[in-house]
2 protein chains.
Amino acid sequence: MIRVLLADDEGMIRSALAALLRLEPDIDVVAEAADGAQAVAAAVRLQPDVCLLDLEMPGLDGVQVTEQLNRTVPTRCVVVTRHARPGVLRRALAAGAAGFVPKSRSAHELAAVIRRVAAGERYVDPEIAADALSDERPPLTDRELDVLRAGRHGETTAQIARSLSLAPGTVRNHVSAVLAKLQVTTRQQAVLLAEERGWI
Amino acid sequence: MIRVLLADDEGMIRSALAALLRLEPDIDVVAEAADGAQAVAAAVRLQPDVCLLDLEMPGLDGVQVTEQLNRTVPTRCVVVTRHARPGVLRRALAAGAAGFVPKSRSAHELAAVIRRVAAGERYVDPEIAADALSDERPPLTDRELDVLRAGRHGETTAQIARSLSLAPGTVRNHVSAVLAKLQVTTRQQAVLLAEERGWI
DNA sequence: CCCCGGCCATGACATGTGTCATGGCCGTAG
DNA sequence: CTACGGCCATGACACATGTCATGGCCGGGG
């Protein structure tokens with residue numbers, strides 16, 4: 001029997017997947033979690049064989065949970081996400097995920113992935129993997145990504161500068177470099193693009 | 001037997017809900033759609049009793065589909081959404097939705113809602129309904145909403161002005177009014193807030 | 001009728017934002 | 001060592017953005 005922990009902040013999909021997985025004869029859903037912190041706590045307590053982690057969750061996201069569990073619990077993490085971009089896949093693998101599945105796949109395929117991962121294999125969605133190979137890593141430098149992140153909700157230059165302990169001019173310079181590299185003309189467009197590609 | 005059409009762009013949740021609903025003895029899922037256009041086409045062809053429509057879909061969203069079907073097909077629409085805000089509920093009801101359920105509810109409750117709606121009742125999630133009553137409608141004027149919509153992806157003032165046939169100064173003025181009413185200091189924050197509340 | 005209040009539109013002014021040229025720092029290649 | 005290239009940081013300048021005061025338009029009371 002494969003013991004599975006299921007974490008997703010959307011109650012509807014969580015309950016639906018739990019019900020379906022319980023119908024499988026060899027899978028048992030031993031815990032459900034609605035956010036990252038709950039997932040970590042439950043995983044530590046119950047030591048499930050496989051953790052199914054949604055990427056977008058309040059507090060800790062799926063990748064952060066994977067990272068924590070990998071250091072503390074002998075379990076294998078599968079990251080499930082709506083926005084399956086190469087950048088996201090990279091972050092998940094770097095955090096030690098054993099599986100990566102986009103939510104565009106069917107629930108049925110999920111059970112198959114769980115079995116393979118429980119058996120010790122790694123599983124990465126082939127389509128995203130192909131994208132990731134033919135795609136270069138973020139053309140932005142670390143500092144540029146920092147600035148983008150700090151400004152993702154429309155913060156002003158001065159606020160970003162304070163939060164990163166920089167001169168306002170420096171922030172503007174980084175932003176300017178980003179805009180040039182991404183071929184856009186406003187911060188907001190740069191943020192949208194970077195979010196879409198999983199760079200921040 | 002209640003004949004149901006299921007529309008959601010996320011394959012995983014669509015397949016999971018379809019599988020679960022098919023387990024109910026009195027419910028039959030006669031069609032699945034991955035976007036609004038498919039949903040309309042299938043509904044016209046199959047005349048289901050109930051249409052379960054995700055709000056966020058590429059092309060036509062759930063509310064737009066509801067609007068179209070209400071004029072052409074004798075079916076009852078239930079809008080399902082991740083972002084269940086009073087503004088969204090209002091739009092859904094205005095479009096003629098017979099039901100409104102947030103994705104935080106469990107899949108099991110969904111079947112109950114389908115039965116009630118199929119029986120001719122209307123169903124609105126009680127929690128959101130309560131919010132909607134204690135909440136005033138958007139404090140923004142029509143034109144201000146237009147400007148916000150036209151600038152939601154970081155378009156420049158000049159672009160917004162052109163797309164609405166206005167002088168740039170006018171656009172700035174509307175934006176300024178919005179920022180004051182919403183108590184924020186940048187366009188992007190205003191857009192985020194308005195999107196969050198379902199005003200645009 | 002006239003006044004008033006809301007909404008829309010506009011242009012001048014202040015402030016914040018993007019561009020550019022420059023310099024420091026550090027690791028690598030010659 | 002020195003030269004070079006990448007990254008980071010900065011300030012001066014041009015431009016876009018937000019603020020403000022003003023005026024036109026329309027509909028609902030006195």
Side-chain angles (χ1 to χ4, degrees), chain A residues 87 90-91 94 135-200, chain B residues 87 90-91 94 135-200:
Chain A
R90 245 187 269 280
R91 281 202 298 144
D135 150 290
E136 79 286 13
R137 51 186 48 256
L140 306 179
T141 104
D142 293 350
R143 216 59 179 141
E144 286 161 359
L145 288 171
D146 287 344
V147 170
L148 261 191
R149 264 187 287 269
R152 64 181 355 183
H153 301 303
E155 288 82 351
T156 147
T157 304
Q159 292 173 315
I160 300 174
R162 267 194 298 280
S163 85
L164 297 180
S165 302
L166 286 180
T170 309
V171 172
R172 286 197 296 254
N173 189 25
H174 284 308
V175 170
S176 191
V178 169
L179 298 183
K181 286 181 184 171
L182 300 186
Q183 314 232 54
V184 296
T185 50
T186 69
R187 256 175 234 211
Q188 190 174 358
Q189 290 175 341
V191 168
L192 288 175
L193 217 158
E195 283 179 340
E196 180 145 311
R197 305 212 177 157
W199 294 341
I200 56 177
Chain B
R90 247 187 268 280
R91 281 202 298 145
D135 150 290
E136 80 283 17
R137 51 186 48 256
L140 305 179
T141 113
D142 292 350
R143 217 59 179 142
E144 285 161 359
L145 289 172
D146 287 343
V147 171
L148 262 192
R149 265 187 286 269
R152 64 180 356 183
H153 301 303
E155 287 83 351
T156 145
T157 304
Q159 291 173 316
I160 300 173
R162 267 194 300 280
S163 86
L164 297 179
S165 302
L166 286 178
T170 309
V171 173
R172 288 199 294 267
N173 189 25
H174 284 308
V175 170
S176 191
V178 169
L179 299 183
K181 287 180 184 171
L182 265 41
Q183 312 232 54
V184 296
T185 49
T186 71
R187 258 175 231 212
Q188 189 174 0
Q189 290 175 343
V191 168
L192 288 175
L193 216 158
E195 284 181 339
E196 180 145 312
R197 305 211 178 158
W199 293 341
I200 54 178

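To find a chain, count down the sequence lines: A is the first, B the second, and so on, and within it residues start at 1.
As rounded to whole Å, 12 Å separates atom P of D:dT19 from atom CD of B:Gln183. In this entry the distance linking CD of B:Gln188 with P of D:dG18 reads 11 Å, nearest Å.
Within the structure, salt bridge (Lys or Arg N to Asp or Glu O under 4.0 Å) contacts touching residues 173-186 of chain B (residues at least two apart or in different chains) are B:Glu144-B:Lys181. Listed by first and then second residue, the salt bridge (Lys or Arg N to Asp or Glu O under 4.0 Å) pairs that reach into residues 146-165 of chain A are A:Arg143-A:Asp146, A:Asp146-A:Arg149, A:Arg152-A:Glu195, sequence neighbours excluded.
With sequence neighbours excluded, no residue satisfies side chain to side chain donor-acceptor pair (under 3.5 Å) with A:Thr170. Partners of A:Arg172 under the salt bridge (Lys or Arg N to Asp or Glu O under 4.0 Å) rule, at least two apart in sequence or in another chain, do not exist in this structure. Legend: residues meeting side chain to side chain donor-acceptor pair (under 3.5 Å) with A:Thr157, ordered by chain and number and at least two apart, are A:Arg187.
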- Readout for nucleotides 7-17 of chain D: B = base within 4.0 Å of protein heavy atom, S = sugar-phosphate only, - = neither; 5' to 3' it is SSBBBB----B
